[in-house]
Amino acid sequence: MSDYKPEKIEKKWQQKWDDDALYRAEVDWTKPKHYALTMLPYPSGDLHIGHWFAMTPSDARARYMRMKGYNVLFPMGFDAFGLPAENAAIQRNIHPATWTHANIERMRKQLKSMGAMFDWEREAVSSEPAYYKWTEWFFKQFYEADLAYRNEAVVNWSPTLQTVLANEQVIDGKDERTGQPVIQKMMAQWFFRYTRYADELLDFSKIDWPEPIKIMQTNWIGRSEGAKVTFKVETGDDEITVYTTRPDTLWGATFMVLAPEHPLVDKITTDAQRAQIDAYKEAAAKATEIERSAEDREKTGVFTGAYAINPVNEEKIPIWIADYVMITYGTGAIMAVPYGDQRDFEFARKFGLKIVAVVKPEGADSVPNPDEMTEAYAGSGVMVNSGAIDGTVHNGAKGRKSPAVDAAITYLEAQKIGEEAVNYRLRDWLISRQRYWGSPIPMIKTVDGTYETVPDGGLPVELPADVEMTGFGNPLANHEEFVHTVDSQGRPARRETDTMDTFMCSSWYFFRYLSPKYNDAPFDPEEAAYWLPVDVYTGGAEHATMHLLYTRWFNKAMRDLGMFDETIEIMHDNGRTPEEIMYGEPMLLLRNQGQVLGGERPGDYILATGRFEGDKLFADRVEVVNGPNAVPAGFEGVFGEITKRTESIIQVDMAGVNHVVEVVPDAEVIIPAIAGENNVNQLKHHLEIQRMSKSKGNVVNPDELVEKYGADVVRAYLMFGFDWTKGGPWDPSQVSGPQRWVHDVWTMVTAGAPNSGGGDPAINRHVERKVHQAIDGVSYSLERFSFNTAVSALMTLRNQMQAFIKTGQIGKDAWTNAMNVMLRLMAPITPHMAEELWAHLGFDYSIHQQEWPEYDAEKAKEDMVTLVVMVNGKPRGEEPVSPEIEKDEAIKIALANENAQRFIEGEPKKIIFIAGRKGQEPKVNIVV
RNA sequence: GGGGCAGUGGCGUAAGGGUAGCCGCGGCGGUCUUAAAAACCGCUACCUCCGGGUGUGUGGGUUCAAAUCCCACCUGCCCCACCA
């Protein structure tokens with residue numbers, strides 16, 4: 001019966017929508033606006049099922065908002081600069097621009113097959129000169145406002161290739177292409193003053209963002225309160241300043257540790273120690289920061305031979321270098337208090353350094369003997385052996401909220417040996433990349449070594465097209481014509497050859513969408529005044545601490561440089577309060593989707609022995625073995641891969657046959673890979689958890705799915721089959737549910753009304769009720785980005801309608817009205833089919849310009865509901881009652897319930913009535 | 001190592017502190033068919049003395065009431081600055 005042909009109707013409607021400019025979003029001050037934004041893709045080659053998973057639900061939400069009466073802008077573009085284009089260039093001898101543009105062409109076509117309401121007139125591509133002219137312009141503005149500066153930073157340097165490598169190009173300290181060693185090298189680079197906005201970035205009060213994102217950003221910024229303390233080096237005039245969050249423990253500082261890169265190291269090192277120090281520095285240069293900061297690593301370090309004087313007690317303390325101190329955090333030097341800091345404690349134990357107890361733990365009778373301690377004590381207590389602050393209390397609070405810290409800071413400031421200080425884990429934003437395929441940094445280095453900006457007329461500094469991509473050296477630095485220029489006084493000068501981090505491009509793309517062809521500024525203030533800020537932003541949570549923090553910084557810097565001034569004026573002229581812009585927050589609401597995963601993880605291979613009961617093995621011994629090829633001779637038990645584990649019940653695949661093994665309590669579990677005593681919880685079962693990636697060959701191509709099922713079914717499946725915020729493994733076997741749903745609706749509508757007359761009024765009333773319950777369910781779900789429950793509510797309506805139609809008693813008008821509403825509810829999810837069936841029923845084009853159905857609670861109401869009678873919180877009986885039942889009446893009925901009475905002895909202690917909220921039954925809980 | 005998140009039937013998942021498992025997938029039984037597919041109907045957590053009892057990773061706690069809130073643990077996933 002179903003002659004649903006998605007390949008025909010989808011193309012047809014996409015073409016018509018395009019011809020009619022149905023999704024063109026234009027400024028219209030008479031209508032409320034809604035700027036819906038989904039993260040722009042990197043043009044890697046093919047659209048991934050993950051793009052569909054991120055974008056089609058976002059599209060459904062944008063469509064819903066449009067039907068709710070908003071003027072919706074939902075644009076799309078490409079984040080087109082980046083490393084993969086260069087890799088392609090090197091491997092296939094193709095220009096990065098050619099590769100990128102070809103990919104964009106292909107992906108644009110794939111994106112269009114989604115049937116999303118993208119306004120393609122607004123498309124922006126970050127690698128086009130018309131775009132990166134403004135990326136450069138932003139850099140210039142930031143530089144002139146002292147938000148950009150030059151400083152040294154560590155890079156992965158390949159001596160073989162004479163080039164800087166990305167972290168992902170470095171595998172085990174070696175370049176992935178040549179296998180040659182990579183070293184850590186200091187290089188002068190461009191930074192933005194990210195930390196200047198650290199405190200403002202900690203304020204989330206004006207935005208509705210997911211709690212985890214706010215927590216991650218807060219931790220990432222890592223504000224800490226403490227003090228800076230200056231130590232004098234014993235000989236010479238040198239001073240070493242340290243930052244500490246625990247200045248109260250200064251009396252317990254028994255040595256100092258400098259980062260190996262600390263500038264004073266060479267100067268203070270004694271001749272006797274020099275060889276050792278140099279060797280250590282060289283070794284440290286080879287390790288990455290993540291490796292170095294791993295706390296489970298054995299502590300290493302070398303004594304410099306020099307001593308410092310502890311300013312509070314004049315003690316002479318040795319100065320060491322060690323790689324657990326980072327040059328990038330604080331001052332690159334620490335005072336080591338082995339009593340109170342675990343890392344310092346381990347270091348002191350390893351090298352036999354002195355430990356002095358400075359805190360008497362809360363509730364302890366005496367101060368611990370440092371020689372008997374097995375770990376540092378970082379808790380609260382009373383300060384001891386601490387001179388001026390002896391007896392003050394450290395209560396565990398941060399900064400001056402701890403009395404001991406407060407006393408220490410006051411003392412340090414009075415003695416002029418230190419001062420209160422705030423430190424951030426956040427570091428300034430290093431935007432320099434020694435790469436070709438990025439936006440050039442519009443700076444010129446003059447003959448006297450100073451920098452000046454490229455004048456506005458010189459923007460954009462365009463990337464030269466005739467470069468050779470060999471992977472050796474920096475193509476821009478090797479391009480003579482590009483490098484040689486003149487400065488403002490006509491003297492020969494050199495262009496900056498670093499390009500910008502691509503996060504710079506993606507920090508402002510949603511401004512460019514407003515007016516991608518605008519030539520007088522990054523964006524047209526007339527457009528900005530209407531559309532800004534972004535109302536809803538959707539994308540992956542993996543951007544929590546990078547893109548999503550950079551773009552907030554960028555927006556605040558733009559605000560402070562007056563880039564919104566004109567926009568704000570226009571807002572005023574149109575009666576709009578510009579407060580939202582003044583907050584300096586680019587996106588008011590953020591929601592994250594999860595990831596669609598693919599592939600599999602194998603389970604542990606086990607040998608299990610014990611006692612069989614039928615087919616089930618009660619195992620008293622389980623051993624994890626290497627793989628499927630190790631069956632010992634004469635083995636009796638179960639051997640195979642664990643496919644599933646629920647507590648102590650294990651499903652084992654033994655040569656294709658499933659066996660159930662129950663691991664008895666106290667069974668011996670042996671897992672060689674996990675040291676120490678093992679238990680059943682550590683057994684790994686088969687899981688499908690891997691991320692999709694080309695190298696694993698488990699990427700799902702949406703084009704094939706669209707061809708097979710149609711875009712509407714793929715959209716419906718992606719929205720229905722997952723918790724959108726979680727994502728999950730790809731499982732094509734689950735497509736059939738949504739597929740049946742779409743086909744059923746098609747069949748239902750094309751079959752026409754089952755009854756040409758008025759039908760049974762009671763049935764018609766039921767239909768109306770279920771339709772309104774569906775309006776409520778779908779609206780509530782879409783409002784909350786809960787796409788799976790939206791589809792679920794529509795499937796429920798399908799089931800109910802099928803049952804009503806089967807009676808043959810549904811009237812023509814009731815049926816037509818039900819179909820009319822159902823199609824409008826489906827329009828955001830399955831836009832093509834909804835449009836086709838809408839036209840089939842003779843309603844006015846386009847369904848996407850219709851209003852969202854209005855919910856009427858009266859119409860949705862049931863005549864009778866079930867009163868749940870509970871005793872001590874357990875359901876004991878049910879009684880049919882009116883949904884409006886009052887408390888007293890409900891309690892009376894509940895107490896009269898026969899079954900419930902069996903559980904009530906004597907007088908109830910308490911009776912609680914829970915009113916029947918929307919969609920829920922009233923309840924009475926009788927406590928006895 | 002640091003940070004974040006998650007754990008519910010065979011599977012994907014639902015549940016606004018208030019009857020755990022909505023909606024699907026799969027499976028089992030049936031109808032129709034020469035047969036199969038499709039479609040349609042029914043069943044589908046465990047135990048039970050048939051009264052009921054148990055059950056949301058484990059162990060505690062708060063509450064009249066906990067999948068939901070709190071604490072600890074176990075397991076897994078994601079992010080960590082030149083991948084985007």
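In what follows, chains are A, B, ... by sequence order, proteins preceding strands, each numbered from 1. Only this structure's heavy atoms are used, side chains among them; waters, hydrogens and symmetry mates stay out.
- Side chain of A/P84, nearest nucleotide from B/A81, B/G26, B/C83: B/C83.
- Distances were taken from every side-chain heavy atom of A/N167 (C-beta onward) to each of B/G52, B/C25, B/A81; the shortest belongs to B/A81.
- Between A/S507 and A/T551, the closest heavy-atom pair is O-OG1, 2.8 Å.
- Classification of B/G24 as anti follows from a glycosidic angle more than 90° from 0.
- For the OP1/OP2 pair of B/C22 and a distance below 4.0 Å, the side-chain nitrogens and oxygens of A/S792 include no atom meeting the criterion.
- Proximity note for A/I914 (side chain, C-beta onward) versus B/G18, B/U19, B/A81: the nearest is B/G18.
- For A/A188 against A/D498, the heavy-atom pair with the smallest separation is O-OD2, 4.4 Å.
- In terms of phosphate contacts, A/R425 brings no side-chain nitrogen or oxygen within less than 4.0 Å of OP1 or OP2 of B/A81.
- Nucleotide B/A6 holds its P atom 16 Å from the CH2 atom of A/W724, rounded to whole Å.
- Electrostatic pairing of A/K770 and A/E862 counts as a salt bridge here, judged by a charged N lying under 4.0 Å from a carboxylate O.
- A close approach under 4.0 Å does occur between a side-chain nitrogen or oxygen of A/R876 and OP1 or OP2 of B/G53.
- Counting only heavy atoms from C-beta outward, the side chains of A/F722 and A/P57 never approach each other to under 4.5 Å.
- Residue whose closest nucleotide on RNA chain B sits further toward the 5' end, between A/Q802 and A/S432: A/Q802.
- When the nucleotides B/G24, B/A84, B/C11 are ranked by their closest atom to the side chain of A/N799, B/G24 comes out on top.
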## Note on the structure
Pairs under 3.5 Å (Watson-Crick or G-U), crossing ones as [ ], inter-strand ones as |: RNA chain B comes out as (((((((..(((.....[....)))((((((.......))))))(((....)))..(((((..]....))))))))))))....
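- Side-chain proximity of A/D79 to B/A81, B/A84, B/G18: nearest is B/A84.
- Residue A/D723 contributes atom CG, which lies 5 Å from atom P of B/A14 at whole-angstrom precision.
- In this structure, the nucleotide among B/A15, B/C64, B/C25 sitting nearest to the side chain of A/S736 is B/C25.
- Looking at heavy-atom distances under 4.0 Å, A/V791 makes no contact with the nucleic acid at all.
- Checking the phosphate oxygens (OP1, OP2) of B/G17, no side-chain nitrogen or oxygen of A/K923 falls inside 4.0 Å.
- Proximity of the aromatic rings of A/F192 and A/W553 is defined here by a centroid distance below 6.0 angstrom, and this criterion is met.
- For the pair A/R784 and B/A14, the criterion of a side-chain N or O lying under 4.0 Å from OP1 or OP2 is not met.
- Taking 4.0 angstrom as the limit, A/K806 places a side-chain polar atom (N or O) nearer than this to OP1 or OP2 of B/C41.
- Annotation for A/L549 and A/Q217: closest pair CD1-OE1, 3.2 Å, computed over non-hydrogen atoms.
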What are the atom names and distances for every N/O pair under 3.5 Å that joins the protein to nucleotides 3-5 of chain B?
from: B/G3; atom 1: O3'; to: A/N219; atom 2: ND2; distance (Å): 2.7
from: B/G4; atom 1: OP1; to: A/N219; atom 2: ND2; distance (Å): 3.3

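- Contact between the side-chain N/O atoms of A/N788 and the OP1/OP2 oxygens of B/G24 is not found at any separation under 4.0 Å.
- The CD1-P distance, from A/I805 to B/A39, rounds to 17 Å in whole Å.
- Atom OH of A/Y42 and atom P of B/C83 are 12 Å apart (whole Å).
- Between B/C40 and A/R740, no contact under 4.0 Å exists linking OP1 or OP2 to a side-chain N or O.
- Across all their heavy atoms, A/A54 and A/T38 have their closest contact at O-OG1, 4.0 Å.
- Base orientation of B/G7: anti, the glycosidic angle falling outside 90° of 0.
- The existence of a salt bridge linking A/E211 and A/K214 is confirmed by a sub-4.0 Å separation between a basic side-chain nitrogen and an acidic carboxylate oxygen.
- Rounded to whole angstrom, the span from the CE atom of A/M719 across to the C1' atom of B/A14 amounts to 18 Å.
- The distance between atom CZ of A/F903 and atom P of B/C64, rounded to the nearest whole Å, is 22 Å.
- The interatomic distance linking A/Q593 (CD) with B/C79 (P) rounds to 13 Å, in whole Å.
- As a whole-Å value, the separation of A/E542 CD from B/A84 C1' is 9 Å.
- Interface remark: the A/Q734 side chain does form a donor-acceptor pair with the B/C11 base, using a distance-only criterion of under 3.5 Å.
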